[in-house]
Amino acid sequence: MSIIEILKQKFGYDTFRVGQEDVILSVLKGQDTVALLPTGTGKSLCYQLPSYMMEGTTLIVSPLLSLMQDQVEQMKVRGEKSVLALNSFLTADERKLAFKRLHTVKFLFVSPEILQNDYILRRIKQLSISLFVIDEAHCISQWGPDFRPDYMLLGDIKNQLNNPTTLALTATATMSIREDIINQLNLVHPNELIYSVDRPNIAINIIHVEDYKEKVEQLISLVNQLNGPGIVYFSSRKLTEEISERLNRNEHLNVAFYHGEMDQEQRTLIQQQFIYNELDVICATSAFGMGINKENVRFVIHFHMPSTVEAYLQEIGRAGRDGKQSISILLSSDYDESLPLNMIENELPSQIQIERFFQWNSRVSMSQEEYAGLNNVQFRLLSYYDTFLGNKDSKEKIYIISQRIEERKNKKIHQLFSMIRWKNSVECRREGLLRYFDEQLKSKPLVCCDRCGINENDFYKSNDLRSSNKNDSWKDRLDYLYRQGKYKHE
DNA sequence: CGTCGGTCACTTACGTGACCGACGGTGCCGTAAT
């Protein structure tokens, strides 16, 4: 059967979307492939389709359990039963059952962490893995070195699985991220399929405000007026809750918050409500987004500046998946960098913490974590390095680790300053953004960015829409008139 | 940067204001015995 026939039979489509066919053909040739496809172009088809033409099992590494569950669900809906997600969601019984049918599974989803379980890896090694897929592969570069070290062990896993054809998929990758992916996975001359990251239907806008208070006012005014649905990104969990509460005072708006400290059930509920258009706006931290396929998001606002251009691009990319005109707005003020700078500074263990980690011994009454004053993430990172460096003596380990961490910090600071440089630049936003991704802007969309000039009114709710809504109180009307006046002066 | 929580001085015993330092974000897994 040809790939076109399988596309029709298994997926019900007649044609491929941009890039899909090239990726599939590359994989079928047995070539290691790094594919950079713009958001929302159906990346999962790129590994599912070729799997049907290959013997053996496809192993898919996914960064989020919810993402895995979604994909498994979708595959089951389209009739694929030979699919399994091996993760901590499984109860003991389910797990037993999973191992029983493991050898019959065509698509196996795992997290990088679970591959460190000896028994599970042994079982997977007994299968014949013909395709090794890394979904959202930028995590290797973005999360591996300081947040989820198990991402850095995938290259070793790949070797242990006898180097199956490897496919790394992502929507966000600068040359430097691609290099990280290739190095970490030990790929030799992979086929790199790169498509433009430009999203011409998203207007790129930066609004400068003087201080915190003005930022809040500006945000509230924007959210009240912009066509929804939309997402507002913050770098603070608390603020997502506070601002969401404030926005909800406008009775025409349904707003919810979303961050990583909420329980899974709550998170899923909010996500579903947003997807099914029961919510107008979500106030979220960076926890919100990966794997969310909502077509009609009309605006993305950043209350805090993201700490990398990559993260920024990924977050604004959640707007306008349906191809319709959408807008992204970064609320900018002086000293925007101090928050992310502090986060970078506090995230990784300090020299003293590294030393104390290695000074600890079992006679100390505190745990190693406590003794070195490390949080859970930092402790795991140092434990990873400790194991990774094997039999070297502590002194040498401390030296190597300190150096690596220093390099990592510098890299992050460098990325942060790239973001600031872009923000402060006077040139076309889109041109600058694309240049960061080693691309050149070929054609400028009619509605481009604040530098090229856009009419904000194009993105505002029409008068009718705003006033015809339910219980319009005199207070709202006044509020609205006030805002209208304010806008005319700007 | 802004926010928050703890401490202290001032007092005259509860409460308040000033000051300082810390902190802010992202997610897997564990457990048994396969």
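Note on naming: letters A, B, ... go to the chains in the order of the sequence lines (proteins, then strands), and numbering restarts at 1 for each one.
In terms of phosphate contacts, A:Thr285 brings a side-chain nitrogen or oxygen within less than 4.0 Å of OP1 or OP2 of B:dT26. When the side-chain nitrogen and oxygen atoms of A:Arg237 are compared with OP1 and OP2 of B:dG25, one or more of them lie within a distance under 4.0 Å. Contact annotation: A:Asn117 side-chain N/O to B:dG30 OP1/OP2 distance is under 4.0 Å. Contact check, A:Ser236 against B:dC23: no side-chain N or O comes under 4.0 Å of OP1 or OP2. Contact check, A:Ser235 against B:dG24: no side-chain N or O comes under 4.0 Å of OP1 or OP2. A close approach under 4.0 Å does not occur between any side-chain nitrogen or oxygen of A:Arg148 and OP1 or OP2 of B:dG25. The phosphate of B:dG2 (OP1 or OP2) has no side-chain N or O of A:Tyr335 nearer than 4.0 angstrom.
A:Lys294 and A:Asn296 share a side-chain donor-acceptor pair at under 3.5 Å. Remark: the A:Glu355 side chain and the A:Gln351 side chain contain an N/O donor-acceptor pair separated by less than 3.5 Å. Counting only N and O atoms by type, the side chains of A:Glu55 and A:Ser130 include no donor and acceptor under 3.5 Å apart.
To the nearest whole angstrom, the two C1' atoms, one in B:dT16 and one in B:dT12, are 15 Å apart. For the C1' atoms, the distance linking B:dC8 with B:dC14 amounts to 15 Å, nearest Å. B:dC29 and B:dC23 have their P atoms separated by 28 Å, with the value rounded to a whole Å.
Geometrically, A:Lys397 does not engage A:Phe358 in a cation-pi contact defined by less than 6.0 Å to the ring centre and at most 45° from the axis.
Base pairing of B:dG24: its partner is B:dC1, meeting the Watson-Crick or G-U wobble criterion (both donor-acceptor distances under 3.5 Å). Searching all strands for a Watson-Crick or G-U wobble partner of B:dG15 with both distances below 3.5 Å returns B:dC10. Of the nucleotides present, none pairs with B:dC29 by Watson-Crick or G-U wobble criteria with both distances under 3.5 Å.
The distance between atom CG of A:Leu239 and atom P of B:dC23, rounded to the nearest whole Å, is 18 Å. Following rounding to the nearest Å, A:Asn342 (CG) and B:dG21 (C1') show an atom-to-atom distance of 12 Å. Following rounding to the nearest Å, A:Asp93 (CG) and B:dA33 (C1') show an atom-to-atom distance of 13 Å. One can place CD1 of A:Ile157 at 14 Å from C1' of B:dC28, the figure rounded to the nearest angstrom.
Taking the side chain of A:Glu242 as heavy atoms from C-beta on, and the options B:dG25, B:dC4, B:dC29, the nearest nucleotide is B:dC4.
In this structure, A:Phe147 counts as stacked on the base of B:dT26 under the 5.5 Å centre distance and 30° plane angle limits.
Results of the side-chain hydrogen bond (donor to acceptor under 3.5 Å, both in side chains) test with A:Glu261 over A:Arg267, A:Arg237, A:Lys238 single out A:Arg237 as the only residue that passes.
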